[in-house]
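One structure below.
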Amino acid sequence: MTPSSATRNSATARILRHASRAPDREAIIFLDRGETVSTRLTYESLVSQVGGMARRLAAEGFSGKAIVIALPAGIAFVRLFLACLWARVIVIPAPYPSNARLLNRLHALVADSRPVALVTDANGVAKIPSLPQTGAPLRILDISSLADENLSPLEPLAGAGDAPAIIQYTSGSTSEPRGAVITHDNLFANQCMIQSAFGHDERCVGANWLPHFHDMGLLGVILQPLFVGGSTVLMDPLAFIQKPIRWLRAIDRFHATTAGGPCFAYDLCARHCAPEDIEKLDLSSWRVAFCGAEPIRRATLDAFAATCASASFDPRALTPCYGLAEATLIVSSANPGNGARELPASGLGSKGTTTLAVGCGYPAPECKILVRAADGAPLPDGEAGEIWVAGPHVSPGVWNGEEGGVNPFNDSFVDEAGDRYIATGDLGALVNGELVPLDRLKDIIIVYGQKLHSADIEATLLSHRLSAELLAACAFSIETAKGDQLVVVCEMDRKRFREGAALELAAQLKKIIAESFGVLPQLAIVPYGALPRTTSGKIQRSVSKSEWLAGRIAEASRLTNA
């Protein structure tokens, strides 16, 4: 197969081109338990298998319609995802329902998106016997029914570039998840942006564990290496969480050039990878160590670099970046090879104090960024406000499952040049053209007229020399009879928690906050893992607040409010 003229500016055309030029090049490797190679696919094999599955999807009448994919991490998901792009089926990636929480999320996602089918594996079919039936009956399919080696590969179908390709449901770290519609044009534009920002080419080798149903895992880890003609090495996220060294060993073993994730991934490696294991590795091939998806702490990246110095890790590879599902994925990125650095942003506190935060680089090619005040006025360099984004990668709106269409974003505007900007809900500043994300606007806390930011409070605690035992922190406010009250919940190692270290540490933490922000908080320390998180590992502040108000955090903590 060769790409037709109608599909030449598409992700599928890029993959077909690489398969034509280098059919024997390795495209995908999957590591079982993060250690053993269970599957290898060349570009020729990948295209053949994907094309055959695409023909089956088209024969089932799914082209132009939305289907949910709820599969475990693995090659099966990758094949089906690409087959959907081939056959112009709208993809809704979803977590595999391995527990009650994820099953409930799947129910909510199906109820909102109203797909014509849900594809899972045999175990998944058994776990989800009933799902919300809205409109046409929902078909629940075992993926094995879509595989047929006797089918000839389907050439990628042509279609409008503004047609939906993916409905990417946000992680719900601060609100109810919503499905951002990503068009084929959005997808192609953002893949080009990532390629340019990171300097990727056919020599790119990715080695990653990120969840395949989130934008960073799906578009940055799975699709980007294939888009540029490189190779991608994948493992189940749980394999990394259980033993972070597995990720670093994969980077060493396959000479990976690009790998990354949220800040907590670097923290896990720094805390849980033994020096004697690190010393056996060679991480010198790692050129782009991207970091995004949550507030980036300079102290965490420095600790990671120090931990991996014996493995020849170059700290200049650390590449902070910023993005969101509504902009497909990437918005800005530091230049690989420059490392991470902090920049000053002002206008955060009630007295206009200056805060240092990690810079996330410059807008990706064709992306435009504005920072605006609450009244919509553009803010000067270095002044913090809401981040607004425009460009060919920006989603047209939110999926309307009832009508099978797109609802444009309410919070958007078109400037004099005709560029459509959408609000990100994030607070940040542009410092000499470089984006410095600071916090979610919904997480601003006002106590006694003083404006505080959750991320600022959390970072201050986690970076303080007296709180080395803390693993995570979550700050939010609650309403009381005396006004708003700051609440901070901290996680620490479970063993140290059981030993009673929390009681001694709590008074120190309250003092740090009081001295730094002039506010005495309610504070609790809980064992690691007690704070609610999204499926991508981000702490859910709004859910944590609800858990606090319901008294459930108190049950797992040593309260220090007396």
Side-chain angles (χ1 to χ4, degrees), residues 28-41 45-46 48-63 65-87 89-111 113-134 136-151 153-154 166-167 169 209-214 217-218 222 234-242 535:
I28 305 175
I29 297 171
F30 189 79
L31 301 178
D32 187 36
R33 295 181 59 83
E35 297 176 352
T36 306
V37 174
S38 60
T39 312
R40 290 178 182 266
L41 284 182
S45 297
L46 176 66
S48 176
Q49 294 178 21
V50 167
M53 187 170 285
R55 185 170 293 280
R56 172 62 66 190
L57 291 171
E60 292 285 345
F62 292 150
S63 296
K65 299 176 182 177
I67 70 169
V68 171
I69 306 178
L71 288 168
I75 297 292
F77 172 86
V78 179
R79 280 194 295 248
L80 182 54
F81 166 65
L82 294 176
C84 286
L85 297 184
W86 245 249
V89 178
I90 305 170
V91 183
I92 308 176
Y96 184 68
S98 56
N99 57 46
R101 178 176 62 86
L102 294 179
L103 182 59
N104 289 337
R105 176 175 168 82
L106 183 60
H107 274 250
L109 188 152
V110 168
S113 62
R114 302 195 180 187
V116 297
L118 183 151
V119 182
T120 183
D121 61 9
N123 290 330
V125 170
K127 288 180 179 179
I128 47 178
S130 62
L131 279 171
Q133 296 290 337
T134 52
L138 175 70
R139 296 176 62 186
I140 300 178
L141 303 176
D142 182 341
I143 189 172
S144 62
S145 68
L146 298 177
D148 189 341
E149 296 180 357
N150 296 319
L151 288 176
L154 177 75
I166 303 169
I167 303 171
Y169 275 81
W209 55 271
L210 290 163
H212 55 286
F213 48 86
H214 281 302
L218 177 62
I222 293 175
L234 306 171
M235 68 177 70
D236 192 305
L238 186 59
F240 164 72
I241 298 297
Q242 290 173 336
T535 50

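Here the structure is a predicted model, which means the values were calculated and not measured.
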Taking C-beta and beyond as the side chain, do [X] and [Y] meet within less than 4.5 Å on heavy atoms?
X	Y	result
Leu234	Ile28	yes
Leu210	Pro237	no
Phe62	Arg139	yes
Leu41	Ile75	yes
Ile69	Cys84	yes
Asp32	Glu35	no
Val119	Leu80	yes
Val68	Leu106	yes

Considering all heavy atoms of both residues, which atom of [X] and which atom of [Y] are nearest to each other, and what is their separation?
X	Y	value
His212	Ala73	CE1-N, 3.3 Å
Phe77	Pro93	CZ-CB, 4.4 Å
Ala58	Ala87	N-CB, 4.4 Å

Would you say [X]'s side chain and [Y]'s backbone share a donor-acceptor pair under 3.5 angstrom?
X	Y	answer
Thr39	Phe30	no
Asn99	Leu102	yes
His214	Tyr169	no
Ser145	Asp142	yes
Ser63	Val89	no

* To do: I would like to know whether Leu71 and Ile143 meet side-chain contact (heavy atoms from CB on, under 4.5 Å); could you show each step before the answer?
  => CA-CA 9 Å; Leu71 288 168; Ile143 189 172; 3.5 Å; yes

Got a second to check how far [X]'s [atom1] is from [Y]'s [atom2], nearest 0.5 Å?
X	Y	atom1	atom2	answer
Ile92	Arg114	CD1	CZ	12.5 Å
Lys65	Glu60	NZ	CD	11.0 Å
Leu141	Thr120	CG	OG1	10.0 Å
Ser48	Arg79	OG	CZ	11.0 Å
Leu146	Leu57	CG	CG	5.5 Å
Trp86	Phe81	CH2	CZ	10.5 Å

* Derivation of the side-chain contact (heavy atoms from CB on, under 4.5 Å) call for Arg40 and Ile29 -> CA-CA 5 Å; Arg40 290 178 182 266; Ile29 297 171; 3.4 Å; yes

* Quick one: do the Asp121 and Tyr96 side chains pair a donor with an acceptor below 3.5 Å? -> yes

* Parallel, tilted or perpendicular for Trp209 and Phe240, by the 30°/60° rule? -> parallel

* Does the pair Val91 and Ile67 meet the rule for a side-chain contact (heavy atoms from CB on, under 4.5 Å), with working shown? -> CA-CA 6 Å; Val91 183; Ile67 70 169; 5.9 Å; no

